[in-house]
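What follows is a short report on a single structure.
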Amino acid sequence: MDSGTTSTDSSATVEADAEPVSEVDSGTGVGDNPDDRDPRDQHTQIVSEERRRNISLISAVIAVLGLWVAASLLIYDAPEAAFWNNVLVGAVVFVAGAYNYYRLATDVPLSVGVATLAAVLGIWLIISAALFEMLGGLFWSTLATGLLVAGLSGYNAYEAREAQLVTGEETGT
């Protein structure tokens, strides 16, 4: 019986000397600070803030491009179908860009769905330039604006989706 008590005492001594599992160095840097902060948090926050500012600027540019699509009809002559196409698509692109800009300005994550809609409308502008037989300056203006809207909105949608995956949050659509 004495030997049983001795083995229990020796195992208790070993357990007391062992480090708790939470204090073991994982090699990742996470949890190694005494104040339990990840040293990468500050860098991650700086990068996230810089991305947010860039995406906010891109959203504003998309809104301006939407206005240009609608307003370019004041400069260029257009057939009726092309006229209404540019007015409606330009208005929706403007609203989409302004909506995402507003969301970012109020610290709400960018909407992946709205950014994707704007990208699809940018592709539609590229197609519609040829489909509605736009000529001259209107053709090139609509084509170039469609390329810019599709590219910038696609980038916004990608960044919003990446942020959603990294944070594990729903960004809203």
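Here the structure is a predicted model, which means the values were calculated and not measured. One is the number of the first residue; the rest follow in order along the sequence.
In this structure, R103 contributes its side chain and V108 its backbone to no donor-acceptor pair below 3.5 Å. Put simply, the side chain of S153 never gets that close to the backbone of A150: no donor and acceptor are under 3.5 Å apart. No donor-acceptor pair under 3.5 Å is formed between the side chain of N100 and the backbone N or O of S56.
Under the 4.5 Å side-chain heavy-atom criterion for Ile, Leu, Val, Met, Phe, Trp and Tyr, L67 and I75 are members of distinct hydrophobic clusters. If you chain together hydrophobic residues whose side chains sit under 4.5 Å apart, Y158 and L65 never meet in one group. Under the 4.5 Å side-chain heavy-atom criterion for grouping Ile, Leu, Val, Met, Phe, Trp and Tyr, L152 is connected to V92 within one hydrophobic cluster. Both L125 and I123 sit in one connected hydrophobic cluster of ILVMFWY residues. Membership requires side-chain heavy atoms under 4.5 Å apart, directly or through other members. Using a 4.5 Å cut-off between side-chain heavy atoms of Ile, Leu, Val, Met, Phe, Trp and Tyr, with links allowed through other members, Y155 and L117 fall into the same hydrophobic cluster.
Looking at every heavy atom in both residues, I62 comes nearest to G97 through CG2-CA, 4.1 Å. Across A96 and A118, no two heavy atoms sit closer than the pair CB-CB, 4.2 Å. Nearest heavy atoms, S59 versus N156: OG-ND2, 3.0 Å.
F132 CZ: more than 12 foreign heavy atoms inside a 6.0 Å radius.
Within the 4.5 Å cutoff, side-chain heavy atoms of M134 are placed close to those of S128. Side-chain contact between V69 and V93 is absent, with no heavy-atom pair separated by less than 4.5 Å.
Rounding to the nearest 0.5 Å gives a distance of 11.5 Å between CD1 of I126 and CG of L121.
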N/O donor-acceptor pairs under 3.5 Å from side chains in residues 76-84, not counting sequence neighbours:
none

Do any side-chain atoms of residues 136-144 form donor-acceptor pairs under 3.5 angstrom with protein atoms, and if so which ones, sequence neighbours left out?
| unit_1 | atom_1 | unit_2 | atom_2 | d |
| --- | --- | --- | --- | --- |
| S141 | OG | W68 | NE1 | 2.7 |
| T142 | OG1 | N86 | ND2 | 3.2 |
| T142 | OG1 | L138 | O | 2.8 |

